[in-house]
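Structure first, commentary second.
In listed order, ligands and their atoms are each counted from 1. Throughout, numbering of the chain's residues begins at 1 and tracks the sequence.
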Amino acid sequence: MSDRPSKKLKMDSEAEKVAEAAEEHLKQHPHPVPTKQPYVAHDDGEFKDWIKHQTTAEQAQKLEDGPNNAFTGNKFSQKYFDILKVRRDLPVFAQRQQFLDIFQNTQIMVFVGETGSGKTTQIPQFVLYDDMPHLAGTQVACTQPRRVAAMSVAKRVADELDVELGEEVGYSIRFENKTSPKTILKYMTDGMLLREAMDDHNLSRYSCIILDEAHERTLATDILMGLLKQVSIRRPDLKIIIMSATLDAEKFQSYFNDAPLLAVPGRTHPVEIYYTPEYQRDYLDAAIRTVLQIHATEPEGDVLLFLTGEEEIEDACRKISLEGDELVREQNCGPIKVYPLYGSLPPNQQQRIFEPAPEGANGKPGRKVIVSTNIAETSLTIDGIVYVVDPGFSKQKVYNPRIRVESLLVSPISKASAQQRAGRAGRTRPGKCFRLYTEEAFKKELIEQSYPEILRSNLASTVLELKKLGIDDLVHFDFMDPPAPETMMRALEELNYLQCLSDEGDLTALGRTASQFPLDPMLACVLIGSPAFQCSEEILTIVALLSVPNVFVRPASARKRADEAKMAFAHSDGDHLTLLNVFEAFNSEEAMQHGLHQWCRDNFLSYRSLTSARSVRAQLRRIMEKHDLDLVSPGYDDPDYWTLVRKALAAGFFMQVAKKKSGNKGYLTVKDNQDVLIHPSTVLAAENEWVIYNEFVLTSTNYIRTVTNVKPDWLVELAPKYYNLDHFGDGDVKLSLKRIIERVETMNKQKEKKDKKKKSKSS
Ligand code: CDP
Ligand code: MG
């Protein structure tokens, strides 16, 4: 990490080398061109020359009018024309020519418009009709901060273009790739595009990259912006569009060297804002009451309620459904349908939010209620919303570099978010927004804009990615908002302890391999290190299970039975080992014969999480194979089976360790000295002296979750650099470690002596 000129020079020439290598790679592996010749290219004399010239909006529209699909040559279906009619009413259509004028004459542009104006679904199609990527063998990418949005929008646009999802239009999210060689438009999470950039620094397969929802300022989008700024110099042919919902456009414009801006005037209706007269102690309860009151008293129109996470949302959905049915019976209200929406919801259930509201009855309107996380703020547009209920909270990532804890915390939203939420009520006609906080609080307590994620995150993954992207000089990387130096130092330090970066801050062979895994560097290191403990098959399972939503289901109505079911899989040494037992059982003959769905229900396990863990595991396994990492297992018969697994875990989790406090029931995190308790969900039988943990849960009491018992001797042996006592504050932990280190040293010496004796005897 230095800004010496020699480093900089090295970087430039490296970048050149990389660019050359990428070109060479492209020559040898050209992007496959679809075999079916598109309609425009050969069939019709009138259209023949268009692709050589730049297309006008009128010409593009003519192509869209059919009768044949310009990208597949197939005849358009009736459904296509039905959707086309609706699409043509979207605000962006009025500005197609203006868009094309700017797009064709500039490399980077900024495009802003109200949510629902058609940015995400239409702009990539405008680009397709101008670019004709299928003829050049290139692709258009459109990034989304959220997996849900990438999947849902890809599905919609596939319908709009009258193609199968995964063919011409596809999506790519972590652990799931639904694209084919035919794909010309790819919706993807910003994180996935970043991963692609690690292997192809010039993103050479793309002719146009659209960074959507840029106002969200996710970590990956921020890095991509800095990266694309560099790539745009190396690749003058690459077009870049920065799309954003709010009118924070100047910041993007000036960052991209005064890029031109196109703003689509919104077609929004006035929204009346209501505040509560006083502070609401229980916002969940207040929210449910408000929704029910809207249903009982307000005229027709659907309701959107913003809550913070899956559990809260499912809980609210149940309560609103139950009490809504009561309203139907007792007050003759119309029927009410409640739908949840959050990131981990399966796609088919997500699509249900687009179903129409139920028919009214007794002269009272039927109503659809959607209870959603932030996803519905800008990422997904749901038509028909007239009432918004906004408790003023969302789950936000926070990071404290001093104690190295990153957490998702329910925190107050910003004014910008509150306005965006209110705006959802005015999409189709005038609406109302009920804020469950006082006007005073809105004015005085909410910050203007949310802080970008890069200022609130652990940057270990990011630093590793940047290094892999060939960016050595992190200090001079052109961040839109540079992260705090302390956070950056922490990340470098962490990667150095993991041996992903050398003491000079250069990427090591291990770091290079670790960056190939779509995992947190620590988990990647656990995997890469596992063959040395003969248990990579086991660690693969554990890492896969740690990468999917919780496999244990604990319904409010059957907590006790669920806990009992879990204990059947428990391993007394910890939760990681218990996960291994669950997965073994899930793959057993017995479960199969039982029927997996039923087996999961009977055992209070999530079928969805387990199947997705299976697929994640298979993908990680392929990456292991690709990098010649041994796939081995000690086998159950090995008396050391569980010890080997625990050792392999300790080898990577050595920075996430807690030690039992003497004479006290709590634990203290090692080195960072935080008071914690083991989360009640643990299966760990007795209280163990030293444990590794997967997660630090920051609440009024701090918990560590998913814990496994380890031997401290392993820690000091496996991570001597981290357990260097000079870096520990005085106290109980240091004293214990000192004793352990002395013990280990004595034991090693004795062993050496013995070995020597043996040697001399045998010789
Ligand atoms: O990106 P932006 O918020 O500007 O709008 P969009 O996501 O492109 O959505 C434009 C319109 O497409 C919405 O108002 C919906 O009418 C429609 N749409 C839909 O019907 N189904 C989807 N899954 C997505 C969008
Ligand atoms: Mg959008």
Side-chain angles (χ1 to χ4, degrees), residues 79-80 82-96 99 110-128 140-162 165 169 171 185 187-190 210-218 221 241-249 262-269 302 304 339 341 345 347-357 368 370 372 374-386 417 419-429 431:
K79 186 174 156 210
Y80 167 86
D82 296 343
I83 304 180
L84 183 62
K85 225 164 100 202
V86 184
R87 287 168 53 204
R88 291 266 160 96
D89 277 338
L90 289 169
V92 292
F93 260 92
Q95 264 154 306
R96 189 171 195 162
F99 168 81
V110 179
F111 189 100
V112 297
E114 262 298 322
T115 303
S117 55
K119 293 185 299 300
T120 309
T121 53
Q122 309 308 310
I123 296 297
Q125 297 187 63
F126 290 2
V127 171
L128 286 186
V140 172
C142 180
T143 65
Q144 298 292 315
R146 296 189 175 83
R147 301 159 54 91
V148 188
M151 286 190 284
S152 164
V153 167
K155 170 87 187 68
R156 168 73 183 180
V157 174
D159 286 349
E160 291 189 0
L161 274 171
D162 215 11
L165 178 62
V169 179
Y171 66 82
L185 171 56
Y187 286 92
M188 61 206 300
T189 51
D190 42 13
I210 305 170
L211 294 188
D212 198 2
E213 309 275 325
H215 64 275
E216 291 247 351
R217 301 290 310 278
T218 60
T221 294
I241 305 174
I242 309 296
M243 286 207 297
S244 161
T246 47
L247 281 157
D248 189 23
L262 181 60
V264 181
R267 196 194 291 144
T268 46
H269 301 268
D302 298 334
L304 173 60
Y339 299 107
L341 177 63
L345 200 67
N348 58 333
Q349 282 184 49
Q350 279 160 22
Q351 285 308 115
R352 291 173 59 199
I353 58 167
F354 297 108
E355 284 173 17
K368 175 167 81 171
I370 292 160
S372 169
N374 257 0
I375 298 173
E377 214 174 276
T378 60
S379 285
L380 287 183
T381 311
I382 311 152
D383 293 328
I385 302 292
V386 179
S417 276
Q419 259 140 15
Q420 190 61 43
R421 286 179 173 191
R424 307 298 88 240
R427 274 271 303 138
T428 17
R429 60 190 167 88

Report the nearest protein non-hydrogen atom to [atom]: residue, atom name, distance rounded to 0.1 Å.
{"atom": "atom 5 (O) of ligand 1", "value": "G118 N, 3.2 Å"}
{"atom": "atom 14 (O) of ligand 1", "value": "R427 NH2, 2.6 Å"}
{"atom": "atom 1 (O) of ligand 1", "value": "T120 OG1, 2.6 Å"}
{"atom": "atom 24 (C) of ligand 1", "value": "R156 CG, 3.6 Å"}
{"atom": "atom 16 (O) of ligand 1", "value": "D383 OD2, 2.4 Å"}
{"atom": "atom 2 (P) of ligand 1", "value": "G116 N, 3.4 Å"}
{"atom": "atom 23 (N) of ligand 1", "value": "F354 CZ, 3.3 Å"}
{"atom": "atom 6 (P) of ligand 1", "value": "T121 OG1, 3.8 Å"}

Check: Just wondering, do V140 and L128 contact through their side chains at under 4.5 Å, heavy atoms?
Finding: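 In short, these two side chains touch, coming nearer than 4.5 Å.
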Margin query: What verdict does the salt bridge (Lys or Arg N to Asp or Glu O under 4.0 Å) test give for D162 and K79, after you've listed the backbone C-alpha separation in whole Å, the side-chain angles of each residue and the deciding distance to 0.1 Å?
Written below: CA-CA 8 Å; D162 215 11; K79 186 174 156 210; over 6 Å; no
Side-chain donor or acceptor of [X] paired with backbone N/O of [Y] under 3.5 Å:
{"X": "K119", "Y": "G113", "value": "yes"}
{"X": "K368", "Y": "I353", "value": "yes"}
{"X": "S379", "Y": "A376", "value": "no"}
{"X": "R427", "Y": "I382", "value": "no"}

Next item on the list: Answer yes or no for T120: is there an N/O/S atom below the 2.8 Å cut-off from the Mg ion (ligand 2)?
Entry: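 Yes, since at least one N, O or S atom of T120 sits under 2.8 Å from the Mg ion (ligand 2).
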Check: So between T381, I83, I123, whose heavy atom ends up nearest atom 7 (O) of ligand 1?
Finding: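 Answer by nearest heavy atom: T381.
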Next item on the list: Take E160 and T121 through the side-chain contact (heavy atoms from CB on, under 4.5 Å) test and state the conclusion after the steps.
Entry: CA-CA 9 Å; E160 291 189 0; T121 53; 4.1 Å; yes
Check: Any idea which atoms of ligand 1 are less than 4.0 Å away from a heavy-atom of E114?
Finding: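 Reading through ligand 1 atom by atom, the close ones are 4 (O).
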Margin query: Just to be sure I read this right, does ligand 1 sit under 4.0 Å from the backbone of T115, its side chain, both, or neither, counting only heavy atoms?
Written below: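 The part of T115 near ligand 1 is both the backbone and the side chain.
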Check: Is the closest heavy-atom distance from R87 to ligand 1 below 4.0 Å?
Finding: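 R87: no contact with ligand 1 (<4.0 Å).
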Checklist line | Residue pair T221, E213: steps toward the side-chain hydrogen bond (donor to acceptor under 3.5 Å, both in side chains) verdict | finding: CA-CA 9 Å; T221 294; E213 309 275 325; over 6 Å; no
Notebook entry, point to check: Is the F93-F99 ring centre distance short of 6.0 angstrom?
Noted result: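 Not under 6.0 Å, so no.
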Note to self: Any nitrogen or oxygen of Q351 lying under 3.5 Å from a nitrogen or oxygen in ligand 1? Just yes or no.
What the structure shows: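 There is no such contact.
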